[in-house]
Number of protein chains: 4
Amino acid sequence: MNKPETPDHLLSIPDIQAAPDDRDIAIDQVGIKGLRYPLPFVDRDGVVQHTIASCNLYVALPADRKGTHMSRLVALLEGQGAPDAAPLSVAGLRALLDDLVARLEAPGGRIELTFPFFVRKLAPVSGIASLMDYDVRLDAVLEDGRFHSTVTVAVPVTSLCPCSKEISEYGAHNQRSVITIGVKARADSAVFVTDLVRIAEEEASAELYGILKRVDEKYVTERAYDNPRFVEDLVRGVAARLAGDPRFGGFVVEAENFESIHNHSAFARIARGW
Amino acid sequence: MNKPETPDHLLSIPDIQAAPDDRDIAIDQVGIKGLRYPLPFVDRDGVVQHTIASCNLYVALPADRKGTHMSRLVALLEGQGAPDAAPLSVAGLRALLDDLVARLEAPGGRIELTFPFFVRKLAPVSGIASLMDYDVRLDAVLEDGRFHSTVTVAVPVTSLCPCSKEISEYGAHNQRSVITIGVKARADSAVFVTDLVRIAEEEASAELYGILKRVDEKYVTERAYDNPRFVEDLVRGVAARLAGDPRFGGFVVEAENFESIHNHSAFARIARGW
Amino acid sequence: MNKPETPDHLLSIPDIQAAPDDRDIAIDQVGIKGLRYPLPFVDRDGVVQHTIASCNLYVALPADRKGTHMSRLVALLEGQGAPDAAPLSVAGLRALLDDLVARLEAPGGRIELTFPFFVRKLAPVSGIASLMDYDVRLDAVLEDGRFHSTVTVAVPVTSLCPCSKEISEYGAHNQRSVITIGVKARADSAVFVTDLVRIAEEEASAELYGILKRVDEKYVTERAYDNPRFVEDLVRGVAARLAGDPRFGGFVVEAENFESIHNHSAFARIARGW
Amino acid sequence: MNKPETPDHLLSIPDIQAAPDDRDIAIDQVGIKGLRYPLPFVDRDGVVQHTIASCNLYVALPADRKGTHMSRLVALLEGQGAPDAAPLSVAGLRALLDDLVARLEAPGGRIELTFPFFVRKLAPVSGIASLMDYDVRLDAVLEDGRFHSTVTVAVPVTSLCPCSKEISEYGAHNQRSVITIGVKARADSAVFVTDLVRIAEEEASAELYGILKRVDEKYVTERAYDNPRFVEDLVRGVAARLAGDPRFGGFVVEAENFESIHNHSAFARIARGW
């Protein structure tokens, strides 16, 4: 029922998208943007998460083709969301993109999926469990016959200002920050969202939790004060970890501090081989 | 492990929130806002949808209490998301709010949940299936011993301008619109999101689909042209349906047209007993 | 040139909006939403600020009228933005709404304007000047012959957690918060945005600045540590100030803390006569 | 008063940002993000517009420097917004960035400014004037001693679907679209926002206006029906115009159609020398 082919009884309706175009301009990417779809996703632990993704699906369009067939792009997601389909994963992006390009008979394509990802964490002292949410983005590109994919995750953390701590008699301003890590996945390496989350959280002044009892709040307060980090420190700390990791063909790390003493953010960025 | 009670070994840490406050000002609502949580949800068809909600959970705070215990609010969601918990539903809001108020020993409370809801629709001619997404909001309030709840859903549709059709030799400007319906659920009536979606879609110039083949596109184009609707018509048509329905103790309907000929919206609103 | 009347040579085009409607349902508000317009604005100091507002302009529509004339609503803003027009102010809302209702020959109307407002502040020790931005919302309503208006401003501040300070050996988690104050303006009182900003900033752990030198950063860090505030304290402190002020016929105060130790907000709200 | 130098009496406070860093990792960009500031701007007509920009200001940080001085970045905007300062313009980006890099003694820097830009347009038949708003982004980069700048503008237009028109007995679905054009400014050429706006509007099915009387609405409805455009046509039409223009060293054009028959967008993109 979800077959993308045109039903026979419709063939008398003209197919304008399939007509030629005489401007001789190839289109880098054309397709659908912002389609929300429920998708099962698995990461390192192999447990399926029922997430909801915002999906962009594009193909390259040769200069002599007037248009693409948008409905076939949506049909790809219908297939991916079917009960018998393998759940989405970083490792499965290649097969999904190959399917897309084949359905559209396109010379290249691009898939961009963004969705919330949840990790059940234990509070540092009381051990109480709660969920933390992270925004994930998966990109897969097939261009000129070459495939590459990237995994990006935005990790909210605490940052505590070293300058404020040093110059003040007591206290130090701190705030919520978001560390965003993007990595190029090597074809022969397994990349997991969970691993990137841990790197960001370990390099922050403190990590966040859904539930903290008072004993935990004391712990994270003191931990942040013991580990002051400039926005510059956040990106350098993460970059040092990523630069030495053979799984990644390149990376970018950004940190944004929603400053508690200003109404703007402090921001830093390091990219290598990105 | 998810019990919200304070562990015994933590009791020596001072509990400032439990201290008295001497300003003699009661707080209408205090709690957590914008917590993202995966929640199973069921509507009329009884099939569980794995959705992800943005959750606001509040309690009323008496004038003599300094603060509330935020972590217990998050613990409520941990319980709701547990594998053995009954899935969220409109009918189950009362029990969830009663649980909240009991956990916090509060004189009143409020739950606000917003989440995407999906309906598998069949294209009008080809019959091809695809998902459509709708934004749902559930509100439950316990105040002065009285409980009430509301269900709100935002339904994207097509609107086609009657004036443009009438005055033009051919064509008519049309655009995506969002019809938002909110209803007060009566205690003795079952209210389902799906029913509100249908009302909005039936009163529009045309309804939307994830996948449309050419034969379907012809159908919805002509249907919209045959059913022109001002933004005023959209809210009047829906209001006429809701006003006569005994399930609802009051309602509000809003329509916003993202005008294709302007860079602003046309908007209309009717509320009765809201 | 900006007259809203229909030009003579157009009178042969049918005016569908002016036609009668037989569903017998009055519309509470209909008009334009989200129109962005540059508007000069003056507050207490009488100095014109060139701000840019997002404008919603609505009228009430009787049951027997099919539609309103949207273009006349935009024409109102064209007039308001003209070089010879008096700049927008809280005190001038009544005249603007009267003009709107007269142009549309409507029994009632509503104006909602949201815009950034800037205050040049001096850093607390160095005295260096910089701008701070605040989101302002002005609402004016004429309904059943009665006029009322409200002024709302969102003030970003620092909040420092009293519990974290009390239970920790050193440090205390703090974060950016937003205190939102809305007041009903009495007809015989002058209400200024600047005054509401000051109330919110004085009740916070510390206020924010665009530029802080190190000596200022030391000051605000220590001030926040000396003035810990729960989200409950923020709304109670502001409410105590507003409740005793004869200029306001009612108020609402909300505070949202973008918690530095969680990925959700703490929130509190008090409304009196709102 | 706005001098960025540290006042003498503050010199005893330690300057941690100026300390060395031993991780040996240079930072690509560090600074402030999302600072809202009122800025006068001039385009082709030489008339100052009082706009409000969201500003990102960054510098490159050598591997041996621990941090940058954020307050000096804000001070740059204080200077730019001063009454005696030359208004912001595309041609003036180079001087502004040179000033930034000099103040921070940095090897490179980056300025990103986004703001609304208004054009007073005349309705196509009645000639009534009204404003249209467009989102503009200016980027200026100094990297490895090379300067380049880009100008980007998002232009909302009408698109009407050629397929829908062809296959339907009457009508055709249309919707608001946004065409985004970005161009690299050549050092020896003047680039104006207004010119990019015109290119996008001329390539659409129809352009948008703030005020349209009925006679204008008839005109734009029929014009759109006479000029159907796929999302692919929008980007090809603009690309053909930009490719032959000697003022631009490279370009990108994107079009997003907020489909009136779907709840997702159609999207296309062409980049050349970008």
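Here is the naming used below: chain letters follow the sequence lines, and residue numbers restart at 1 for every chain.
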Return the set of residues passing ring-ring contact (aromatic ring centres under 6.0 Å, His included) with D:Phe192 (not counting sequence neighbours), or none when no residue passes.
none

Shortest non-hydrogen contact from C:Pro116 to D:Ile52?
CG-CD1, 3.5 Å

Looking at D:Thr51, D:Leu77, D:Leu73, D:Asp135, which makes the most heavy-atom pairs under 4.5 Å with chain C?
D:Asp135

Heavy-atom nearest pair, C:Glu78 first then D:Ser130, reads OE2-CA, 3.3 Å

Nearest non-hydrogen partners of D:Val74 and C:Gly210, listed with the distance
CG2-O, 3.7 Å

With a 4.5 angstrom heavy-atom cut-off, could you sort out which part of C:Leu212 is near chain D: side chain, backbone, both or neither?
backbone

Value for CD1 (C:Ile128) from OG (D:Ser71), rounded to nearest 0.5 Å, stands at 7.0 Å

Are there residues of residues 35-43 of chain D that reach to under 4.5 Å of chain C by heavy atoms, and which ones?
D:Arg36, D:Tyr37, D:Pro38

Atom OH of C:Tyr219 with >12 non-hydrogen neighbours under 6.0 angstrom:
no

